[in-house]
Amino acid sequence: MKAITYKLFADEKIRHRICRDYALDPSLSHEQLAEALVEAFGQNPGAGPDGRREATNQVVYRAAALALASNSRSWATFLPHEKSLAELTFGYDPYRTAAAVRAEQLTINDLAACLPGQTAGKDAHAIIRWAEMLDSTPRYHEVLRRLDERLRSEGMESAAIVPAVAVILGAPGGKTLKQFPPPEKSDTWKVHGMGPVLASEFLRNLQWAGFKPDRHVIRLFTRWFPDVIEKEMPRARALGERLGTRRKDVLEFLTFSLVGAAVTPEGKTFTEVDNLVWALGAYTEKKGKESSTVYRID
DNA sequence: CCATGGTCGGCAGTGAGTAA
DNA sequence: TTACTCACTGCCGACCATGG
């Protein structure tokens with residue numbers, strides 16, 4: 001971890017770029033900057049219990065909307081638009097948002113204007129679909145907690161919970177739905193506009209403790225920890241089996257989620273580690289330009 | 001035939017990098 | 001400084017392969 005924070009903030013140019021993107025004070029120490037960066041992502045559950053606390057549909061809606069807002073879009077690009085997204089959705093109120101859409105006072109284009117990039121329309125559409133889903137599903141978070149409780153009661157280790165739920169929400173196959181019947185009045189767990197990766201982002205926004213293996217993280221871990229990957233692969237396959245899937249992309253997602261959990265040291269959260277590894281991949285160890293450094297994570 | 005899974009390309013704007 | 005190329009991001013739908 002020290003090596004990663006050093007690499008991130010020692011270089012003047014990179015430190016200033018990160019500070020510009022996330023409105024941090026460049027005169028802080030490396031440790032303070034690392035802490036402030038993780039803070040800026042706002043997903044670190046800290047010491048609290050994960051996945052167990054209450055969350056209103058409004059809190060759930062905010063978590064979903066922000067996860068969708070991060071799709072194919074650097075967080076720093078979206079940040080300036082966050083305020084207007086919050087205003088358009090009445091402070092992430094799914095009921096008022098759904099009502100405004102019904103009354104044709106809010107359109108996909110209105111929301112898309114807050115989401116720069118190629119997936120703007122699709123993400124905006126998904127944000128509306130989520131409002132409609134939550135509008136007709138009271139206490140959605142309780143539904144998720146029941147899923148969480150079931151998996152735990154069946155002996156699933158806690159590091160596997162978020163990846164498992166993310167697969168059920170993001171890429172449920174027919175077998176998955178047989179083993180995990182969807183909530184009442186619904187014929188699927190599939191959430192709008194999210195695959196497993198965005199679904200784990202969504203869960204993290206709800207302060208569930210999980211590791212999100214995005215492209216940067218996968219790329220760097222492939223270089224750093226081939227042995228851990230080898231070791232976690234059978235466990236990912238077993239987990240996939242448990243979830244009723246053998247899809248290659250899902251197994252890759254599960255493998256790297258487990259690798260992330262495995263390399264997270266005692267006393268650190270998954271979120272802290274993956275936020276910092278992500279930043280390293282996004283700002284320093286870029287694709288095709290990686291150094292030969294194998295960063296120790298401790 | 002049906003369910004499942006793999007592969008590929010489109011989406012559409014950002015920003016880093018490079019050449020002139 | 002300007003103009004240009006290209007990689008990047010995750011989801012999804014079209015299409016094909018496999019196997020019961």
Side-chain angles (χ1 to χ4, degrees), chain A residues 11-22 41 64-82 85 108-109 111-130 133 163 166-180 187-205 210-220 222 236-237 239-257 274-275 277-290:
Chain A
D11 184 306
E12 279 287 306
K13 256 169 89 179
I14 292 168
R15 187 170 81 239
H16 278 94
R17 195 172 299 156
I18 294 175
C19 290
R20 176 201 65 196
D21 287 351
Y22 296 94
F41 284 110
L66 294 184
L68 288 164
S70 79
N71 180 32
S72 305
R73 189 174 293 110
S74 115
W75 192 239
T77 312
F78 166 69
L79 268 183
H81 297 92
E82 197 274 334
L85 180 64
I108 291 182
N109 282 343
L111 294 177
C114 309
L115 305 166
Q118 148 179 9
T119 57
K122 244 162 29 66
D123 297 332
H125 189 217
I127 288 175
I128 287 175
R129 300 290 297 275
W130 263 88
M133 188 275 279
V167 167
I168 293 171
L169 296 182
K175 276 198 220 161
T176 313
L177 296 172
K178 272 211 183 89
Q179 296 184 42
F180 300 93
D187 55 3
T188 184
W189 281 104
K190 180 72 179 75
V191 288
H192 298 291
M194 297 181 185
V197 174
L198 278 192
S200 53
E201 179 83 351
F202 159 66
L203 293 171
R204 278 151 43 118
N205 286 341
F211 200 94
K212 176 196 173 196
D214 86 327
R215 281 186 180 8
H216 291 306
V217 174
I218 288 178
R219 175 168 53 83
L220 293 179
T222 302
R237 263 198 298 275
L239 187 52
E241 211 63 43
R242 175 77 196 84
L243 297 168
T245 182
R246 290 179 187 180
R247 274 172 54 173
K248 199 179 163 191
D249 54 344
V250 172
L251 292 185
E252 185 188 54
F253 166 81
L254 290 172
T255 301
F256 282 90
S257 295
D274 101 38
N275 283 171
V277 174
W278 176 87
L280 187 70
Y283 286 96
T284 310
E285 299 282 343
K286 299 198 183 192
K287 186 172 182 191
K289 312 254 163 81
E290 296 91 346

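Every chain is numbered from 1 and lettered A, B, ... according to where its sequence line falls, protein lines coming before strand lines. Just so you know, these numbers use all the heavy atoms, side chains as well, and skip hydrogens, waters and symmetry mates.
- Taking atom CG on A/Leu115 and atom P on B/dC11, their separation rounds to 19 Å, with Å as the unit.
- Closest to the side chain of A/Thr245, out of C/dC8, B/dG5, C/dC11, is B/dG5.
- A straight line from NZ of A/Lys122 to P of B/dC11 spans 12 Å, rounded to a whole angstrom.
- Here the C1' atom of nucleotide B/dG5 and the CG atom of A/Leu254 are 15 Å apart, to the nearest Å.
- Spacing between atom CG of A/Asn71 and atom P of C/dC8 amounts to 17 Å, rounded to whole angstrom units.
- One can place NE2 of A/His192 at 12 Å from P of C/dG13, the figure rounded to the nearest angstrom.
- Across the protein-nucleic acid pair, A/Leu198 atom CG and C/dC11 atom P stand 4 Å apart, rounded to whole Å.
- In this structure, CG in A/Leu85 is found 7.0 Å from CG in A/Leu66, a value given to the nearest 0.5 Å.
- Regarding A/His125, its NE2 atom lies at a distance of 15 Å from the C1' atom of C/dG13, rounded to whole Å.
- For C/dT9 and B/dG17, the P atoms lie 14 Å apart once the distance is rounded to whole Å.
- Checked by atom type and distance alone, the side chain of A/Trp189 pairs as donor or acceptor with a backbone atom of A/Phe180 at under 3.5 Å.
- Here the side chain of A/Val197 is nearest to one of C/dC12, C/dG10, B/dG5, namely C/dG10.
- A/Asp274 places a side-chain N or O within 3.5 Å of a backbone atom of A/Lys212 that can act as its donor or acceptor partner.
- Atom CZ of A/Phe202 and atom C1' of C/dC11 are 17 Å apart (whole Å).
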Subject >> Test log, rule side-chain contact (heavy atoms from CB on, under 4.5 Å), inputs A/Phe202 and A/Leu169 >> reply: CA-CA 10 Å; A/Phe202 159 66; A/Leu169 296 182; 4.1 Å; yes
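- Checking B/dG6, C/dC8, C/dC11 against the side-chain heavy atoms of A/His216 singles out C/dC8 as nearest.
- Regarding contacts with the backbone of C/dC12, a side-chain N or O of A/Lys190 is found under 4.0 angstrom from either OP1 or OP2.
- If you check every strand for non-hydrogen atoms under 4.0 Å, A/Asp214 touches sugar and phosphate atoms only.
- Atoms CG and CZ, on A/Leu254 and A/Arg237 in that order, are 11.5 Å from each other to the nearest 0.5 Å.
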